[in-house]
Amino acid sequence: MQRNDRLSRRQFVRSAGAAAAALAVSGRAELRAETPASRPALPLAADAALRDLLEGNERFVAGRLMHPRRSPADFAAVAAVQRPDAIVVGCADARVSPEVLFDQGVGDLFVVRVAGNVVHGAGPIVKGSIEYGVAELGAPLIMVLGHSNCGAVKAAVKHIDAHDLPPGAIGELVRLIEPVVARVRNDPGNLLENAIVANVSTGVERLKSLDPVIAPAVKAGKLAIVGATYDLNTGRVRIVA
Ligand SMILES: [Zn+2]
């Protein structure tokens with residue numbers, strides 16, 4: 001029963017993506033404006049997965065959570081096999097929990113979280129985890145998710161000027177973000193906000209070029225990668241890459 005519910009949901013999600021594509025083709029773009037953020041053109045399965053995430057975030061923002069697929073029957077239904085709809089590469093920050101802010105349930109998201117949602121230079125533990133979600137679990141979408149007021153990016157902004165680093169491996173982690181800060185430090189606007197977006201974009205670009213698992217999947221149209229930021233004040237997720 002629960003497995004059927006789960007399958008039905010996935011089929012619904014996929015058919016919703018097909019409907020979105022049909023609308024785009026027919027030019028009824030105003031209906032797409034119902035979604036909370038502008039979305040890039042994606043393969044169907046990825047588009048459906050992204051739509052599902054953004055609709056869940058819209059419920060979170062509005063305080064109308066459905067808390068889907070969290071009953072004992074739900075988690076028993078996916079005990080043997082996981083088949084997540086999306087991979088979320090997010091920050092370890094206590095306030096940015098993907099299942100909560102996207103209103104998703106058990107088995108829906110394959111989540112990789114490290115401070116500063118660092119991908120570039122993060123090594124085989126992070127990259128291998130993401131690749132596993134693609135190669136073994138077949139997730140059609142990766143979202144790199146940064147957030148406002150990110151402590152790891154703030155530390156990179158602070159220490160790049162001070163020419164010192166926090167102790168231990170914290171310093172090594174911050175050093176991975178410093179090139180991103182250096183790249184945007186003369187851009188107009190707020191340096192921290194620009195660096196947070198650039199850090200997300202850097203992660204997206206790194207994954208798109210990551211052989212031998214992820215880059216070929218993107219080229220084959222089986223996988224899409226997007227970047228987004230989460231606003232700690234409003235709860236809203238915005239697509240930025
Ligand atoms: Zn953070």
Side-chain angles (χ1 to χ4, degrees), residues 36-37 50 53-54 56-58 60-61 84 86-104 108-131 133 139 141-185 187 189-208 210 225-241:
L50 181 58
L53 291 183
L54 294 177
N57 179 245
E58 194 66 3
F60 177 72
V61 169
I87 300 164
V88 178
V89 183
C91 183
D93 192 295
R95 301 160 292 182
V96 191
S97 178
E99 285 87 350
V100 175
L101 64 94
F102 289 119
D103 196 23
Q104 299 293 303
D108 291 344
L109 302 179
F110 188 84
V111 179
V112 180
R113 292 177 71 176
V114 290
N117 42 275
V118 171
V119 176
H120 193 82
I125 296 174
V126 168
K127 289 173 189 155
S129 299
I130 302 168
E131 287 177 345
L141 176 72
I142 299 174
M143 175 185 282
V144 179
L145 180 65
H147 67 95
S148 63
N149 206 25
C150 180
V153 181
K154 264 165 101 170
V157 170
K158 177 184 172 203
H159 289 280
I160 199 170
D161 286 328
H163 298 294
D164 63 353
L165 286 169
I170 306 172
E172 294 174 49
L173 193 152
V174 168
R175 184 171 286 148
L176 294 175
I177 305 174
E178 283 188 348
V180 173
V181 176
R183 218 169 55 234
V184 299
R185 67 185 308 169
D187 288 359
N190 181 280
L191 175 58
L192 177 59
E193 289 174 9
N194 290 342
I196 287 166
V197 171
N199 187 41
V200 167
S201 304
T202 300
V204 169
E205 292 310 310
R206 179 68 192 105
L207 289 175
K208 282 182 177 174
L210 189 61
I225 308 175
V226 299
T229 57
Y230 170 78
D231 187 314
L232 290 175
N233 283 302
T234 65
R236 191 175 295 282
V237 170
R238 182 170 66 97
I239 302 295
V240 297

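Counting starts at 1 for both ligands and their atoms, following the listed order. Note that the coordinates shown come from a computational prediction; the quantities given were computed from them, not determined experimentally.
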Just list the side-chain donor-acceptor pairs under 3.5 Å for residues 141-154, sequence neighbours left out, or say none.
from, atom 1, to, atom 2, distance (Å)
S148, OG, L232, N, 2.9
N149, OD1, K154, NZ, 2.9

(request) List in chain and number order the residues that pass side-chain contact (heavy atoms from CB on, under 4.5 Å) with V126, two or more places apart in sequence or in another chain; answer none if no residue qualifies. (result) V112, V114, A122, I130
(message) Name the residue from N199, V200, V96, I239 that meets the side-chain contact (heavy atoms from CB on, under 4.5 Å) definition with T229.
(response) V200
(message) I'd like to check the side-chain contact (heavy atoms from CB on, under 4.5 Å) partners of D164; sequence neighbours left out, ordered by chain and number.
(response) H159, A162
(message) I'd like to verify the contacts: list protein N, O or S atoms under a distance of 2.8 Å from the Zn ion (ligand 1).
(response) C91 SG, H147 NE2, C150 SG
(message) Do L176 and E172 have side chains that approach each other closer than 4.5 Å (heavy atoms only, starting at C-beta)?
(response) no
(request) Say whether, by atom type as modelled, one donor and one acceptor occur between the side chain of N57 and the main chain of G235 under 3.5 angstrom. (result) yes
